[in-house]
Amino acid sequence: MARTKLPKFESRDAFYEAVAAGRLTIPDTIRSMRGMLGVTQKQYAKMVGVSEEAIRRIEQSRMNPTAEMMDTLGKPFRLKSGFVVAPRK
């Protein structure tokens, strides 16, 4: 599966705005958070307490995380899972 080119966020506020607007997929959100922290999949997995394989599979769109895992993955950025209004196509 081809990866989308991730936007470079000027600030966490810009990142939060993109998340709230539903402009990022789950894999892109995880990669963006790791990128802003400057950590590898292995380091992020250890930081949040999940397996490296789970991070890799989510980023490759090969695994859909549960709501509980989404909350765990979002902790470093104070993010919780929930609904957002999808952008119109």
Side-chain angles (χ1 to χ4, degrees):
M1 173 173 261
R3 285 190 183 167
T4 57
K5 183 171 175 140
L6 292 178
K8 298 286 183 186
F9 295 102
E10 302 271 330
S11 66
R12 281 197 182 196
D13 287 339
F15 168 73
Y16 291 141
E17 183 180 313
V19 170
R23 291 193 301 263
L24 295 174
T25 64
I26 292 169
D28 288 347
T29 301
I30 305 303
R31 282 196 302 271
S32 293
M33 289 189 295
R34 282 195 316 99
M36 286 187 284
L37 293 173
V39 297
T40 64
Q41 289 176 337
K42 183 176 186 174
Q43 291 167 324
Y44 196 75
K46 186 174 182 178
M47 180 186 302
V48 299
V50 301
S51 72
E52 180 183 359
E53 181 178 354
I55 298 292
R56 182 174 41 258
R57 291 182 69 207
I58 292 166
E59 288 187 4
Q60 294 172 345
S61 297
R62 293 179 51 227
M63 177 181 167
N64 291 320
T66 64
E68 182 179 352
M69 183 178 272
M70 292 283 292
D71 289 345
T72 297
L73 295 170
K75 275 187 181 177
F77 285 80
R78 298 183 340 266
L79 295 176
K80 291 194 110 357
S81 58
F83 292 100
V84 297
V85 177
R88 292 181 187 226
K89 293 185 179 192

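Note that the structure is predicted; figures quoted are calculated from it, not measured.
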Visitor: Specify the closest pair of heavy atoms between Arg12 and Pro76, including all atoms of both residues, with the distance to one decimal.
Guide: NH1-O, 3.6 Å
Visitor: Within the side chain of Arg56, is there an N or O that forms a donor-acceptor pair under 3.5 Å with the backbone of Gln41?
Guide: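 Not confirmed, Arg56 side chain does not pair with Gln41 backbone.
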Visitor: Are the side chain of Asp71 and the backbone N or O of Ser81 linked by a donor-acceptor pair below 3.5 Å?
Guide: yes
Visitor: For residues Glu59 and Arg31, report the shortest heavy-atom separation together with the two atoms involved.
Guide: O-NH1, 2.6 Å
Visitor: Within the side chain of Tyr44, is there an N or O that forms a donor-acceptor pair under 3.5 Å with the backbone of Leu73?
Guide: yes
Visitor: Please enumerate all residues that pass side-chain contact (heavy atoms from CB on, under 4.5 Å) together with Met36, with sequence neighbours excluded.
Guide: Phe9, Phe15, Phe77
Visitor: Closest approach of Thr29 and Val19, non-hydrogen atoms and distance?
Guide: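 Here Thr29 and Val19 meet closest at CG2-CG2, 4.3 Å.
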Visitor: For the CG atom of Leu37 and the CD atom of Gln43, what is their distance to the nearest 0.5 Å?
Guide: 10.0 Å
Visitor: Which pair of heavy atoms, one from Leu79 and one from Met33, lies closest together, and at what distance?
Guide: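 Heavy atoms of Leu79 and Met33 come nearest at CD1-SD, 3.9 Å.
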Visitor: Distance from Ser51 atom OG to Lys42 atom NZ, nearest 0.5 Å?
Guide: 12.5 Å
Visitor: Rounded to the nearest 0.5 Å, what separates atom CD in Glu10 from atom CD in Glu17?
Guide: 12.0 Å
Visitor: Of the options Thr25, Ile26, Ile30, which is the one that meets Asp28 in a side-chain contact (heavy atoms from CB on, under 4.5 Å)?
Guide: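 Output: one option passes, namely Thr25.
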Visitor: Quick check: closest heavy atoms across Ala54 and Met69, and the distance to 0.1 Å?
Guide: CB-CE, 4.3 Å
Visitor: How many angstroms lie between CE in Met70 and NZ in Lys80, if you round to the nearest 0.5 Å?
Guide: 11.5 Å
